[in-house]
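For reference, the structure discussed in these notes is given below.
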Amino acid sequence: MNPRILRALQANRDWFLNSGVLSQPDGFWGVAERMLLAGNNEALQQTLDSFPSWTPKPDGYVIEQRRADCNFQCAWYFLQMAKLFDHPRNASVGNNLLEYLYCRSGLLSHHKRNEPYPLGCWNWSHIRWTPNVYYDDNAWCIILALDIAEEYPELDDKFQMRHYALAGAQALYQAFAANFPDEQPDFQPRWLGNLRLPHWGGLAAAALAAAWPLAAQEEKDNWNRQIDAYFDFVRERLDSWNCSELCYSLLAVAYCHRLPDFNDRLLPLAETLAARIVARMAPGSCLLPAEHYEAPSGTQLVDLIYTMNFAVVAFSQFTRLPGGQNYRQLLLDIVDFLVDIQDTADSPQLKGCWRGMFDLTTRQWGGGNHYEGGADSIYTGWTNAPIGWSLAQLLLDQEATRKWIC
């Protein structure tokens with residue numbers, strides 16, 4: 001068991017509890033999207049104008065929007081921590097985040113199927129006056145709800161997680177099929193996101209695969225065709241994807257493991273994507289250049305909002321599947337880098353977190369900011385929770401029976 005990873009997880013869990021991203025440290029009112037540092041943040045005013053719900057803190061602001069995907073990601077993280085560490089507050093926070101989502105947030109649609117946002121859809125955030133339903137956010141809600149329901153049947157019973165996830169997948173399929181590969185003018189679902197990028201389309205396909213075992217046979221047939229069409233699209237454009245989209249693609253394919261013919265159908269694509277990602281890494285390094293358009297870019301920058309965070313999730317999932325074991329050392333190298341750069345500042349707003357961007361030239365957090373990405377955006381979901389659950393799952397896979405006090 002790696003004591004460095006244990007200490008990193010303890011520090012990161014404490015960052016969640018102490019930084020202010022949980023307005024109630026027990027998770028009763030959900031988790032905020034991110035901590036935003038002020039300092040020399042050139043995108044500060046644009047960010048505050050774009051996300052007008054925030055609480056001042058000594059080092060900046062808590063950007064307060066409660067997002068469905070971020071809350072699911074953090075709930076999954078705390079439930080994984082509860083399996084690893086013997087302290088009741090870990091499970092309590094995970095449970096409370098789910099209770100917030102299903103019972104207090106108002107983010108879940110209970111509408112009938114013929115209305116614009118049918119049963120099972122999740123709104124982007126509680127701060128918007130009008131619905132904003134995204135393909136990628138809803139995909140995460142479906143995938144993680146089903147993972148939680150599988151491991152915790154009592155939570156499924158309490159919140160009807162499978163029921164809403166299946167309904168959400170049915171709605172997602174209708175929106176997906178109407179807009180990919182060719183938009184149909186007679187049906188315009190009000191979902192957001194560019195399906196031609198794996199950031200959105202790959203995750204949507206993965207969500208259909210996650211819900212596939214629950215679907216009726218006709219739905220399974222339709223969803224299979226949609227999944228195949230999407231990943232054929234990915235195969236045809238392998239040379240065009242940047243590092244971020246390659247990571248999303250591998251992550252999406254790995255999350256399709258519930259499909260009964262996964263090994264023959266999609267495992268070769270996963271192996272191809274993994275090799276492509278490795279080819280983009282600097283020689284002798286496990287790091288990818290920052291190339292995502294919503295954050296600063298550069299070969300000397302490590303992006304932890306759209307790239308390396310999802311690289312660790314992708315390889316964490318892939319190395320659990322046949323054909324992925326060859327990449328286990330790469331996963332360990334990525335984890336070692338992430339543990340090495342974890343923030344150790346004294347401020348409770350920073351200590352134990354992973355910020356949005358690391359500058360390899362200066363060997364410190366930096367590299368600039370955009371209003372949704374960059375060094376001064378510290379995301380709860382997307383960055384800290386996915387990195388955290390990947391580290392926790394690595395330890396759980398190594399030693400499933402022992403627990404530590406934390």
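We use all heavy atoms of the structure for the numbers below, so side chains are in, but hydrogens, waters and symmetry mates are not.
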Counting only N and O atoms by type, is there a donor-acceptor contact under 3.5 Å from the side chain of [X] to the main-chain atoms of [Y]?
X: Asp261; Y: Arg265; answer: no
X: Ser109; Y: Pro118; answer: yes
X: Ser377; Y: Leu36; answer: no
X: Gln73; Y: Ala385; answer: no
X: Asn132; Y: Trp124; answer: no
X: Ser249; Y: Pro198; answer: no
X: Asn384; Y: Trp354; answer: yes
X: Asn71; Y: Leu101; answer: no
X: Tyr164; Y: Ala145; answer: no
X: Asp336; Y: Leu332; answer: no

So that I know where these two stand, are [X] and [Y] an aromatic pair - ring centroids less than 6.0 Å apart?
X: Phe310; Y: Trp382; result: yes
X: Tyr173; Y: Phe176; result: no
X: Trp122; Y: Tyr117; result: no

Which atom pair, heavy atoms only, marks the closest approach of [X] to [Y]?
X: Gly352; Y: Trp15; answer: C-CB, 4.0 Å
X: Cys256; Y: Leu266; answer: CB-CD1, 3.7 Å
X: His370; Y: Ala43; answer: C-CB, 3.6 Å
X: Leu146; Y: Ala210; answer: CD1-O, 3.4 Å
X: Asp69; Y: Cys141; answer: N-SG, 3.8 Å
X: Ala204; Y: Leu195; answer: CB-CD2, 4.4 Å

Donor on one side chain, acceptor on other, Asn12 and Tyr77, under 3.5 Å: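 Result is yes, a qualifying pair exists.
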Do Gln10 and Asp14 have side-chain N/O donor and acceptor atoms under 3.5 Å apart?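 Side chains of Gln10 and Asp14: no pair found under 3.5 Å.
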Can you tell me which residue among Tyr248, Tyr293, Tyr134 is in a ring-ring contact (aromatic ring centres under 6.0 Å, His included) with His199?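 Passing option: Tyr248.
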Non-hydrogen side-chain atoms of [X] and [Y] separated by less than 4.5 Å:
X: Trp212; Y: Pro260; value: yes
X: Ile378; Y: Gln349; value: no
X: Leu321; Y: Phe262; value: yes
X: Met357; Y: Ile305; value: no
X: Val335; Y: Ser390; value: no
X: His163; Y: Leu166; value: no
X: Leu155; Y: Met161; value: yes
X: Leu44; Y: Asn369; value: no

Between [atom1] on residue [X] and [atom2] on residue [Y], distance to nearest 0.5 Å:
X: Met35; Y: Ile63; atom1: CE; atom2: CD1; result: 9.0 Å
X: Met281; Y: Cys243; atom1: CE; atom2: SG; result: 8.5 Å
X: Leu172; Y: Trp223; atom1: CG; atom2: CH2; result: 8.5 Å
X: Ser50; Y: Gln45; atom1: OG; atom2: CD; result: 9.5 Å
X: His257; Y: Gln317; atom1: NE2; atom2: CD; result: 6.0 Å
X: Asp376; Y: Thr47; atom1: CG; atom2: OG1; result: 9.5 Å

Step by step, work out the side-chain hydrogen bond (donor to acceptor under 3.5 Å, both in side chains) result for Arg128 and Asn123. CA-CA 9 Å; Arg128 294 295 188 190; Asn123 198 7; over 6 Å; no
Charged N to carboxylate O below 4.0 Å: is that the case for [X] and [Y]?
X: Asp343; Y: Arg355; value: yes
X: Arg225; Y: Asp228; value: no
X: Arg237; Y: Glu245; value: no

Geometric class of the [Y]/[X] ring pair [parallel <30°, tilted 30-60°, perpendicular >60°]:
X: Tyr61; Y: Trp54; result: perpendicular
X: Phe78; Y: Phe16; result: perpendicular
X: Trp140; Y: Tyr255; result: perpendicular

Please say whether more than 12 non-hydrogen atoms of neighbouring residues, nucleotides or ligands are located less than 6.0 Å from [atom1] in [X].
X: Asn40; atom1: CG; value: no
X: Lys351; atom1: NZ; value: no
X: Glu218; atom1: CD; value: no

Check against side chain to side chain contact (heavy atoms under 4.5 Å, CB included), Arg104 and Arg66: CA-CA 11 Å; Arg104 288 188 287 277; Arg66 266 51 175 166; over 6 Å; no
side-chain hydrogen bond (donor to acceptor under 3.5 Å, both in side chains), that's the test. Do Gln393 and Asp397 meet it? Break it down for me. CA-CA 6 Å; Gln393 287 178 340; Asp397 288 346; over 6 Å; no
With side chain to side chain contact (heavy atoms under 4.5 Å, CB included) as the criterion, how do Leu304 and Leu338 come out once you've worked through the C-alpha distance, each side chain's angles and the decisive distance to 0.1 Å? CA-CA 10 Å; Leu304 283 86; Leu338 293 171; 3.8 Å; yes
Just checking, Arg34 and Phe51: is the charged tip under 6.0 Å from the six-membered ring centre and within 45° of the axis?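 Arg34 over Phe51 ring: yes.
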Worked check of side chain to side chain contact (heavy atoms under 4.5 Å, CB included) between Cys103 and Phe159: CA-CA 8 Å; Cys103 304; Phe159 300 118; 4.0 Å; yes
As a quick check of understanding, evaluate side-chain hydrogen bond (donor to acceptor under 3.5 Å, both in side chains) for Asp136 and Trp200, giving each step before the final call. CA-CA 5 Å; Asp136 56 335; Trp200 288 281; 3.2 Å; yes
Please lay out, stage by stage, how Ile277 and Phe315 fare under the test side chain to side chain contact (heavy atoms under 4.5 Å, CB included). CA-CA 10 Å; Ile277 293 170; Phe315 282 104; 3.9 Å; yes
